[in-house]
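For reference, the structure discussed in these notes is given below.
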Amino acid sequence: MFVLLTGSSLFAQPAPDLNQIVSRMEEARIRAKQTEPFLLTREYQMFHGYESKPTSEVKAEINVVPPTERQYKIVSSKGSDRGEKVVRKILDHESAAEKSTPPPTAIVHDNYEFGFEGEADFQGARCYVLSLRPRRKDPSLVEGRAWVDANTFL
């Protein structure tokens with residue numbers, strides 16, 4: 001469960017402005033390309049229209065081997081099987097796209113318009129919550145939210 005808090009005194013430091021957050025995310029992305037391999041977990045929820053309950057939920061683990069390799073596995077899937085098919089297609093496309101610089105699916109200013117939605121605590125980490133809106137029609141770009149670690153900007 002995620003709770004967005006805005007205007008709260010829960011976090012001692014004020015959030016940087018949106019442009020600073022996005023710039024630091026892009027810098028962190030470049031630094032991450034120079035790091036050791038790492039594992040990340042993504043949770044996807046698919047909705048039908050404006051329904052509040054997801055029709056499908058998929059959890060994937062992605063093994064990132066910088067600078068250009070990505071392998072993934074679906075850890076869990078519930079609801080419609082269409083959700084898993086969509087996630088596999090997205091992750092296959094991301095894996096192929098990772099070989100270009102910057103990838104056409106990267107969460108960067110060239111691909112997305114960002115909005116600042118607030119701050120949240122995620123698994124003990126202070127995060128900025130950003131809305132994502134694709135800048136162009138591309139099936140590999142998603143409309144949604146990103147939780148950005150306030151310390152690492154990843």
Side-chain angles (χ1 to χ4, degrees), residues 1-8 10-47 49-50 54 56-74 83-154:
M1 177 176 161
F2 298 106
V3 178
L4 293 180
L5 301 174
T6 55
S8 169
L10 178 64
F11 301 112
Q13 299 175 341
D17 76 29
L18 180 60
N19 290 329
Q20 287 176 318
I21 294 170
V22 173
S23 291
R24 292 171 102 180
M25 282 172 47
E26 291 178 353
E27 290 167 7
R29 186 180 183 292
I30 292 167
R31 280 192 312 274
K33 292 284 188 185
Q34 302 163 350
T35 65
E36 296 295 318
F38 61 94
L39 181 69
L40 66 93
T41 302
R42 285 192 191 158
E43 296 179 10
Y44 296 85
Q45 294 181 328
M46 272 57 79
F47 296 84
Y50 293 100
S56 180
E57 297 179 61
V58 179
K59 188 175 190 178
E61 285 183 348
I62 303 159
N63 185 25
V64 180
V65 182
T68 61
E69 294 300 317
R70 285 179 174 234
Q71 298 131 5
Y72 71 89
K73 70 177 179 179
I74 303 297
E84 184 174 338
K85 289 176 186 173
V86 168
V87 169
R88 284 187 186 279
K89 193 171 190 174
I90 289 169
L91 293 174
D92 286 341
H93 185 73
E94 279 184 10
S95 294
E98 194 64 27
K99 295 179 184 354
S100 64
T101 304
T105 59
I107 301 176
V108 295
H109 189 263
D110 288 347
N111 295 333
Y112 287 98
E113 290 180 24
F114 296 93
F116 184 76
E117 292 197 359
E119 298 181 35
D121 184 67
F122 178 72
Q123 297 180 347
R126 178 179 174 221
C127 295
Y128 303 124
V129 182
L130 305 182
S131 61
L132 305 175
R133 206 156 113 234
R135 289 191 176 273
R136 64 184 180 282
K137 289 197 181 279
D138 184 326
S140 62
L141 298 177
V142 297
E143 187 167 336
R145 290 187 185 97
W147 277 254
V148 180
D149 185 292
N151 292 316
T152 65
F153 290 87
L154 294 171

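The basis for the numbers below is simple: all heavy atoms, side chains too, and nothing from hydrogens, waters or symmetry mates.
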What's the spacing between L18 CG and E113 CD if we round to 0.5 Å?
-> 10.5 Å

Sub-4.5 Å side-chain heavy-atom contact between E117 and S131 = yes

Can you tell me if Y128 and D149 form a side-chain donor-acceptor pair at under 3.5 Å?
-> no

Evaluation steps, side-chain contact (heavy atoms from CB on, under 4.5 Å), between V58 and R88 = CA-CA 10 Å; V58 179; R88 284 187 186 279; over 6 Å; no

Evaluate the criterion side-chain contact (heavy atoms from CB on, under 4.5 Å) for residue pair F114 and I107; output intermediate values, then yes/no.
-> CA-CA 9 Å; F114 296 93; I107 301 176; 3.6 Å; yes

Closest non-hydrogen contact found for F38 with N63 is O-OD1, 3.5 Å

Is there a side-chain contact between R136 and N111 (heavy atoms, below 4.5 Å)?
-> yes

If you measure from the Lys or Arg side-chain nitrogens to the Asp or Glu carboxylate oxygens, is any gap between K59 and E84 under 4.0 Å?
-> no

Would you confirm whether E26, through its side chain, and S23, through its main-chain N or O, come within 3.5 Å as a donor-acceptor pair?
-> no

Please round to the nearest 0.5 Å and tell me the distance separating atom CG of L141 and atom OH of Y112.
-> 4.0 Å

Do other residues, nucleotides or ligands put more than 12 heavy atoms under 6.0 Å from R133 CZ?
-> no

Scanning both residues in full, the closest heavy-atom pair of R126 with D121 reads N-OD1, 4.2 Å

Could you state the interatomic distance from NE2 (H109) to CG (N19), rounded to the nearest 0.5 Å?
-> 6.5 Å

Can you spot which of T152, V108, L130 makes a side-chain contact (heavy atoms from CB on, under 4.5 Å) with M25?
-> L130

Please report the shortest heavy-atom distance between R29 and L154, naming the atom on each side.
-> N-CD2, 4.3 Å

Report yes or no: do Y72 and R70 form a side-chain donor-acceptor pair below 3.5 Å?
-> no

Looking at CD of Q123 and OG1 of T41, how far apart are the two atoms once the value is rounded to the nearest 0.5 Å?
-> 8.5 Å

Closest non-hydrogen atoms of G83 and S56, given as atom of the first, atom of the second and distance, are CA-OG, 3.2 Å

Test log, rule side-chain contact (heavy atoms from CB on, under 4.5 Å), inputs D17 and I21 = CA-CA 6 Å; D17 76 29; I21 294 170; over 6 Å; no

Under a 4.5 Å cut-off applied to non-hydrogen side-chain atoms, are V129 and E119 in contact?
-> no

Taking atom CD of Q71 and atom CG of L39, what is their separation to the nearest 0.5 Å?
-> 10.5 Å

Could you state the interatomic distance from OG (S95) to CD1 (I90), rounded to the nearest 0.5 Å?
-> 12.0 Å

